[in-house]
Amino acid sequence: MNYWLLKSEPGVFSIDDLEKEKVTIWDGVRNYQARNFLRAMQVGDLAFFYHSSTGTPGIVGLCRVLETGIADPSQFDPGSPYFDSRSTVDNPRWWTVRVGFLEKFEPMLSLRLLRQKFSPDELALLRRGSRLSVMPVAAEVAQRIIALRG
DNA sequence: GCCAACGTTGGC
DNA sequence: GCCAACGTTGGC
């Protein structure tokens, strides 16, 4: 099983939204490297949920990959901010997964705390200029993150 | 293929 | 709001 980290701005979609909805399609990723990580996900993988661009950024929970190989529906929707006119139903450009809520971390594991506990080498999130919204987390590091939660 | 210009991300 | 870092675009 593999571990991942998924970023979301809580003003757009938060861990509380996922807890309420239970399941969601992780749509809107428009970066090829991030897309490739989404395509590498397997059912049963676990993903940390990260809140970005907010007062206290950090890991706020855990979710599970429930379904893979989903063509991101928002790429076909002209009314969506994620619409991509280069995509066709026959030849989609953007792929994603369905994830399910597992747990909310209370308290959250702030970026500040993560920087204290992990090195940039261990956690890509902490690397200078890291902007990827989907990234892998090494199993050993993931276990240590899980052990830190409340 | 190069690279300048531009847009976006995201912490602070 | 600032700005560094990064990705994408498009002229050449």
Side-chain angles (χ1 to χ4, degrees), chain A residues 2-21 24-41 45-65 68-138 140-142 144-150:
Chain A
N2 297 306
Y3 294 86
W4 308 91
L5 183 142
L6 294 169
K7 286 187 193 172
S8 181
E9 297 185 23
V12 177
F13 189 79
S14 71
I15 188 69
D16 291 324
D17 294 326
L18 181 59
E19 182 169 24
K20 262 179 254 160
E21 298 176 20
T24 194
I25 288 180
W26 202 265
D27 65 354
V29 173
R30 294 293 180 270
N31 169 284
Y32 287 105
Q33 198 178 346
R35 180 204 65 179
N36 293 343
F37 286 135
L38 286 167
R39 294 187 76 168
M41 290 183 184
D45 285 357
L46 297 182
F48 297 103
F49 196 123
Y50 180 88
H51 279 177
S52 65
S53 294
T54 185
T56 306
I59 293 175
V60 291
L62 191 63
C63 50
R64 183 189 303 281
V65 176
T68 61
I70 300 172
D72 182 340
S74 64
Q75 72 193 303
F76 308 123
D77 176 4
S80 166
Y82 306 120
F83 176 67
D84 189 337
S85 61
R86 301 165 301 183
S87 292
T88 63
V89 176
D90 287 342
N91 190 18
R93 186 171 297 240
W94 305 109
W95 296 85
T96 191
V97 299
R98 189 186 304 273
V99 298
F101 176 83
L102 274 188
E103 60 178 285
K104 181 178 175 180
F105 291 175
E106 292 180 293
M108 66 179 292
L109 305 176
S110 68
L111 177 59
R112 184 185 157 80
L113 176 76
L114 294 171
R115 286 195 193 283
Q116 288 169 8
K117 300 288 185 183
F118 300 95
S119 73
D121 279 349
E122 291 172 319
L123 197 53
L125 173 76
L126 306 179
R127 283 177 210 149
R128 209 165 102 98
S130 162
R131 297 187 325 184
L132 265 190
S133 64
V134 182
M135 63 186 82
V137 179
E140 175 264 339
V141 174
R144 285 165 54 204
I145 294 172
I146 290 170
L148 281 176
R149 80 194 194 282

Chemist: The side chain of A:R131 lies closest to which of these nucleotides: B:dC12, B:dT8, B:dG10?
Modeler: B:dT8
Chemist: Rounding to an integer number of Å, can you tell me how far A:Y32 OH sits from C:dT8 P?
Modeler: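 The answer, rounded to whole Å, is 7 Å.
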Chemist: Tell me what A:R86 touches on the nucleic acid: a base, only sugar-phosphate, or nothing, going by heavy atoms under 4.0 Å.
Modeler: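 The residue A:R86 makes sugar-phosphate contact but no base contact.
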Chemist: May I have the distance from A:L132 (atom CG) to C:dT8 (atom P), rounded to whole angstrom?
Modeler: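 Result: 10 Å.
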Chemist: Whole Å only: how far is the NZ atom of A:K7 from the P atom of C:dC6?
Modeler: 12 Å
Chemist: To the nearest Å, how far apart are A:N36 CG and C:dG7 C1'?
Modeler: 14 Å
Chemist: Nearest 0.5 Å please: distance from the OG atom of A:S74 over to the CH2 atom of A:W94.
Modeler: 10.5 Å
Chemist: Taking only side-chain N and O atoms of A:R128, does any of them lie within less than 4.0 angstrom of OP1 or OP2 on C:dA4?
Modeler: no
Chemist: Measure from CZ on A:R115 to P on B:dG10 and round the result to the nearest Å.
Modeler: 13 Å
Chemist: Please determine whether a side-chain nitrogen of the Lys or Arg among A:D72 and A:R93 lies less than 4.0 Å from a carboxylate oxygen of the Asp or Glu.
Modeler: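 Salt bridge: no.
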Chemist: Nearest whole Å is fine: how far is B:dG10 P from A:L126 CG?
Modeler: 14 Å
Chemist: Separation of A:N31 atom CG from C:dT8 atom C1', in whole Å?
Modeler: 10 Å
Chemist: Take the protein atom CD1 of A:I59 and the nucleotide atom P of B:dG11, then report the distance between them rounded to whole Å.
Modeler: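 Taking CD1 of A:I59 and P of B:dG11, I get 12 Å after rounding.
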Chemist: Classify the ring geometry of A:F37 against A:W4: parallel below 30°, tilted from 30° to 60°, perpendicular beyond 60°.
Modeler: tilted
Chemist: Hey, is the main chain of A:D16 close enough, under 3.5 Å, to the side chain of A:K104 for a donor-acceptor pair?
Modeler: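 Between the backbone of A:D16 and the side chain of A:K104 there is no qualifying donor-acceptor contact (under 3.5 Å).
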Chemist: OP1 or OP2 of B:dT8 less than 4.0 angstrom from a side-chain nitrogen or oxygen of A:Y82, does that happen here?
Modeler: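 Answer no for this pair, as no side-chain N or O of A:Y82 is under 4.0 Å from OP1 or OP2.
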